[in-house]
Amino acid sequence: MIERINNLTKVIEKLTAKNNEEIEALRIKYLSKKGEITSLFNDFRDVPNEQKKEIGQKLNQLRNLAQEKIKSLKESFGNTSLTEQDLDLSRPCEPIEIGARHPLSLIRNEIVDIFSRLGFALAEGPEIEDDWHVFEALNFPAEHPARDMQDTFFIEKNPDVLLRTHTSSVQTRVMTTQKPPIRVICPGRVYRNEAISYRAHCFFHQIEGLYIDKNVSFADLKQALLYFTKEMFGEKTQIRLRPSYFPFTEPSAEMDISCDLCGGKGCAFCKHTGWVEIMGCGIVDPNVLEMCGIDSKIYSGYAFGFGVERIANLKYRVKDLRMFSENDVRFLQQFKSSH
Ligand code: DAH
């Protein structure tokens, strides 16, 4: 018995293996139920009692040695169940799919970026608003026909609570909480009770701009909008301001940009005028300043507002507005590279 144990000890000490499969074969050969070491344990029953202590110790040492050996061999192969064929370190890794930003977010970020270079800070307000911030403080008295310009969603029966119809409400929020000089750009979602079609939706996005300081003039407004247009649409793009009406600005204007599809010659896109309308703007009405607690004898300001979808349509030539909210991945994926 002792001799068998000694011989096996020498064999175990010298064991080597080339891979995990060979290690497993060794484990079976020596340590499994029918393995050589296990069979020595079985024979241990017949060992005379006076030798049991000595042989028992040797047997245990042999088993420990075998277990250690197998363990250290496994560790030398990374202790995994992978075979060499499975492990190919030169294989390229699985490509990780990353999402794309929504086209409206891309446009909004670009616009905010352009105005931030002119010193405009970001401001936001609530989508569920009260009548005062959306209409009253912006010079739309109750029953004023100008309210019909924006078909409003009211919240339940309380006519004082509504979904904002324009981001001009953020102007009011900022003017009542901050002191001039104020220079903010306010992106956000707005809601109007419109029939949904390829060119109108019951919700869309606007960007509002507001600048209030001493001696702000129409020339300042024009220059800021010209800078924005050239940054957004390219150096060659021209602007045109037409007189218009908004209750909260006086004088008011609408701004067109030259149609870059036909280069201003006239095409179906610009309805053969060579110009595309993109925003409303003007000098903040002194009434509005006063209602928001700003002294109109000391301060003046300009404001402008426009739709993000409209700018996105111009930039990406999306003909149907509904695509922006349907979340069809085939549409959204096209904006992947423009991070
Ligand atoms: N709030 C207007 C609208 O939703 C857009 C607008 C026009 C905003 C003139 C302005 C502005 O700040 O001065 O149609």
Side-chain angles (χ1 to χ4, degrees), residues 108 111-112 115 118 120 122-127 129 131-140 144-153 162-176 182-194 199-213 216-226 228-229 239-257 276-289 291-292 294 296 299-311 321:
R108 184 204 48 213
I111 297 167
V112 170
F115 282 104
L118 290 178
F120 283 76
L122 195 75
E124 284 177 313
E127 291 178 18
E129 260 293 9
D131 185 277
W132 193 82
H133 285 93
V134 178
F135 294 124
E136 195 78 34
L138 290 169
N139 229 6
F140 293 81
H144 193 283
R147 289 194 176 206
D148 288 347
M149 288 160 80
Q150 303 179 1
D151 220 343
T152 311
F153 283 120
L162 44 93
L163 294 177
R164 67 178 178 198
T165 53
H166 55 178
T167 43
S168 304
S169 57
V170 188
Q171 278 191 33
T172 335
R173 294 241 157 225
V174 173
M175 281 192 278
T176 47
I182 292 171
R183 192 156 23 188
V184 287
I185 189 90
C186 327
R189 181 174 285 183
V190 300
Y191 301 83
R192 287 186 199 178
N193 189 5
E194 305 252 2
R199 52 193 204 105
H201 212 295
C202 58
F203 66 82
F204 52 99
H205 301 81
Q206 285 191 333
I207 304 249
E208 191 78 15
L210 175 72
Y211 176 37
I212 297 178
D213 204 345
V216 177
S217 73
F218 205 93
D220 297 324
L221 168 64
K222 202 171 157 188
Q223 196 55 42
L225 296 183
L226 184 65
F228 161 71
T229 304
I239 64 168
R240 172 174 92 168
L241 287 154
R242 285 178 289 108
S244 186
Y245 171 76
F246 297 101
F248 38 92
T249 42
E250 182 59 38
S252 303
E254 260 163 292
M255 187 181 92
D256 300 338
I257 60 168
V276 200
E277 181 194 319
I278 63 162
M279 69 167 84
C281 59
I283 296 293
V284 181
D285 193 304
N287 277 351
V288 173
L289 294 177
M291 266 189 282
C292 295
I294 293 173
S296 64
Y299 294 105
S300 57
Y302 65 67
F304 55 87
F306 54 97
V308 181
E309 278 82 351
R310 180 120 183 98
I311 307 287
L321 206 72

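The analysis underlying the following values was restricted to heavy atoms, covering all of them including side chains, and did not include hydrogens, waters or symmetry mates. Each ligand, and each atom within it, is numbered from 1 in the order the structure gives.
The atoms of ligand 1 that sit less than 4.0 Å from any heavy atom of Gly282 are 13 (O). Of all atoms in ligand 1, numbered sequentially from 1 with element shown, those under 4.0 Å from a heavy atom of Gln206 are 3 (C), 4 (O). Within ligand 1, the atoms closer than 4.0 Å to a non-hydrogen atom of Phe246 are 7 (C), 9 (C), numbered from 1 in the order shown. Near Ser168, meaning under 4.0 Å from one of its heavy atoms, ligand 1 places the atoms 1 (N), 8 (C). Close approach to Gln171 involves these atoms of ligand 1, each under 4.0 Å from a residue heavy atom: 12 (O). Near Gly280, meaning under 4.0 Å from any of its heavy atoms, are these atoms of ligand 1: 7 (C), 9 (C), 11 (C). Less than 4.0 angstrom separates some heavy atom of Ala303 from each of these atoms of ligand 1: 12 (O), 13 (O).
Between the choices Met279, Met255, Glu250, His166, the shortest heavy-atom distance to atom 1 (N) of ligand 1 belongs to His166.
Checked against the 6.0 Å centroid threshold, His166 and Phe248 count as a close aromatic pair. Aromatic pair Phe115/Phe228: ring centres closer than 6.0 Å. For Tyr211 and Tyr302, the ring centers sit closer than 6.0 Å to each other.
A heavy-atom distance below 4.5 Å is not found between the side chains of Ile207 and Thr167.
Summarising the local packing, CD of Gln223 is surrounded by 12 or fewer heavy atoms from other residues, nucleotides or ligands at distances under 6.0 Å. Open room surrounds CZ on Arg199; 12 or fewer heavy atoms of other groups in view lie less than 6.0 Å from it.
The protein non-hydrogen atom at the shortest distance from atom 11 (C) of ligand 1 is Phe248 CE1, 3.4 Å. In this structure, atom 14 (O) of ligand 1 lies nearest to the protein heavy atom Arg192 NH2, 3.7 Å. Nearest protein heavy-atom contact of atom 12 (O) of ligand 1 is Glu208 OE2, 2.5 Å. Distance from atom 5 (C) of ligand 1 to its nearest protein heavy atom, with residue and atom name: Gly305 O, 4.0 Å.
No side-chain donor-acceptor contact under 3.5 Å links Ser244 to the backbone of Ser252. Checking side-chain atoms of Thr249 against main-chain N and O of Pro251 turns up no donor-acceptor pair under 3.5 Å.
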